[in-house]
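Report on the structure given below.
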Number of protein chains: 2
Amino acid sequence: MTKSTSGARAPRADAQRNRDHILDVAEQYFSAHGATGSLDAIAKQAGVGAGTLYRHFPTREALLAALLAARDDELVARRDQLRSGSLNPADALGGWLDAIKAWAGAFDGLPGPLRAATMTDSSPLSLTCEGFITTTEEFLHAAQRDGSARSDVRARDLFLSALAASWIEGAALADDGSAAALSDLTRHGWASTPSRTSDTTDTTDTTDTTDTTDTTDTTDTTDTTDHRITGHDGERTRGKST
Amino acid sequence: MTKSTSGARAPRADAQRNRDHILDVAEQYFSAHGATGSLDAIAKQAGVGAGTLYRHFPTREALLAALLAARDDELVARRDQLRSGSLNPADALGGWLDAIKAWAGAFDGLPGPLRAATMTDSSPLSLTCEGFITTTEEFLHAAQRDGSARSDVRARDLFLSALAASWIEGAALADDGSAAALSDLTRHGWASTPSRTSDTTDTTDTTDTTDTTDTTDTTDTTDTTDHRITGHDGERTRGKST
DNA sequence: AGTGAACAGGAGATACTCTCCGCTTAATCT
DNA sequence: AGATTAAGCGGAGAGTATCTCCTGTTCACT
């Protein structure tokens, strides 16, 4: 009867209490000092040893993931609300991306780990991110079927752009609405052109998928300098080889 | 006559030599380990004491600024090239933003300090950033006069969005072209709608500044900053105000 | 040369992350 | 209850990083 169905034994009462208390303290601490605040300080403030903290949460990301788990519920609720609401698909997608932006801004410095988690796939945060990307995809597809979102936009990129908007806001230094501006910019970016005019001119719509640069860089690589800045060579993955 | 016109005395030969050598080593080291690499390690690798490094470059940002100074020239050259080229204003602005993105991606982790510098105004990097924002403004105004950029877009936000695109690419983990996608998204964001269609429906053109943001939810964008996410559900009750 | 100011170097103070291991305590057994 | 045991606790300590003094050295100018 002790173990019953689940394979794992129930956690000891004091362990559970410690865990919860650490979570409480960490919530406050990260809110005040950002997601890069000292973990030892959290342990001390919680009145436990460093070992206790690290046993419960082996890495900073594990702690963040546990903290975010509570907020996940809110985001899920928001998703359901947007789903069932009478909004058009474009507004639903916009609302969802705003919700992600707010979620990622829960603590200063949180967008960084989230971005890493989105890309590495080996972090406690990864699953959460992937789930939200899937939801983004759902909203995006609806908007694309509706014709209100461009068809060459990817959900993952929209998710990352929401993270980026949150990152811009970062560090409590966003004096003005730059993050809002970036969101706005992005929204105009994924939205289809309002009226019928589908083919029209040339500049923006048809050939651009490859790279915006190519249109401009007629002369660059040749004279100015070496390949440093000018290059931008398509997508050589990164600037650092070593 | 020793001092002549300038107030400062010429630097001692050994000091200058050390400075240059530190810069060389730092360039390599940051390229290999990112802009957050250990400064002491750079000092050791350069064969100087930590004190020497910190005297020349009191902060990490000072070192980065000195390193970036060389690249500034390239960016200025690019600017002139784009200016004098026969490009339309939209492509010139696009090319300029791509150049900024590449510049900010010189080292892993560089976008962070750059963003901070853009906002704090008290960093060695601030002046450089402000200068580039001014240039962005120039290109943007040309595109706006030309009618190829929306009139409610601000240069600072475009600069930040280029930083954000670089940030997305970050950490050598950008497996796919997400950064390019974000640039692309942004470009569609600031561009005016291709054809004539001025009045039409309502979504983008005329009253656009306001509508995108608050159609869905008056919730976040503006005051997310200090209320954290929890406030979210307070407003959610009414949510449907749209 | 000789002198003074600028400079170099590195030990050390402080802070943070993470691990290891002996002690304590909750939960279970007889 | 008392005994047993393993889960859990705490904190010392190793490793690493930032940044600051302070002492000895070396350049530059006379």
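Residue numbers begin at 1 in each chain, while the letters A, B, ... track the order of the sequences.
As rounded to whole Å, 12 Å separates atom C1' of C/dG9 from atom CG of B/Leu53. Summarising the geometry, the separation between NE2 on A/His21 and C1' on D/dC9 is reported as 15 Å, rounded to the nearest angstrom. The distance between atom CD of A/Gln16 and atom P of D/dC9, rounded to the nearest whole Å, is 10 Å. Nucleotide C/dC16 holds its C1' atom 13 Å from the CZ atom of A/Phe30, rounded to whole Å.
Among the protein residues, A/Ser38 comes within range of the sugar-phosphate backbone only, with heavy atoms under 4.0 Å from sugar or phosphate atoms but none that close to a base.
Checked for salt-bridge contact, B/Arg71 and B/Glu27 meet the test: a charged N lies under 4.0 Å from a carboxylate O. Salt-bridge annotation for A/Asp157 and A/Arg154: present, with a side-chain N of the basic residue lying under 4.0 Å from a carboxylate O of the acidic one. In summary, A/Asp80 and A/Arg83 engage in a salt bridge, as defined by a charged side-chain N under 4.0 Å from a carboxylate O. We find that A/Arg79 and A/Glu74 are not joined by a salt bridge, their nearest charged nitrogen and carboxylate oxygen being 4.0 Å or further apart.
For D/dG8, neither phosphate oxygen OP1 nor OP2 lies less than 4.0 angstrom from any side-chain nitrogen or oxygen of A/His56. Phosphate contact (OP1/OP2 of D/dG8, side-chain N/O of A/Asn18, threshold under 4.0 Å): absent.
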Distances for protein N or O near nucleotides 19-26 of chain C N or O, under 3.5 Å:
| from | atom 1 | to | atom 2 | distance (Å) |
| --- | --- | --- | --- | --- |
| C/dT25 | O2 | A/Arg12 | NH1 | 3.4 |

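Sequence order on DNA chain D of the closest nucleotides to A/Thr52 and A/Asp40 puts A/Thr52 first from the 5' end.
Put simply, the side chain of A/Ser166 gets close to the backbone of A/Gly105: a donor and an acceptor are under 3.5 Å apart.
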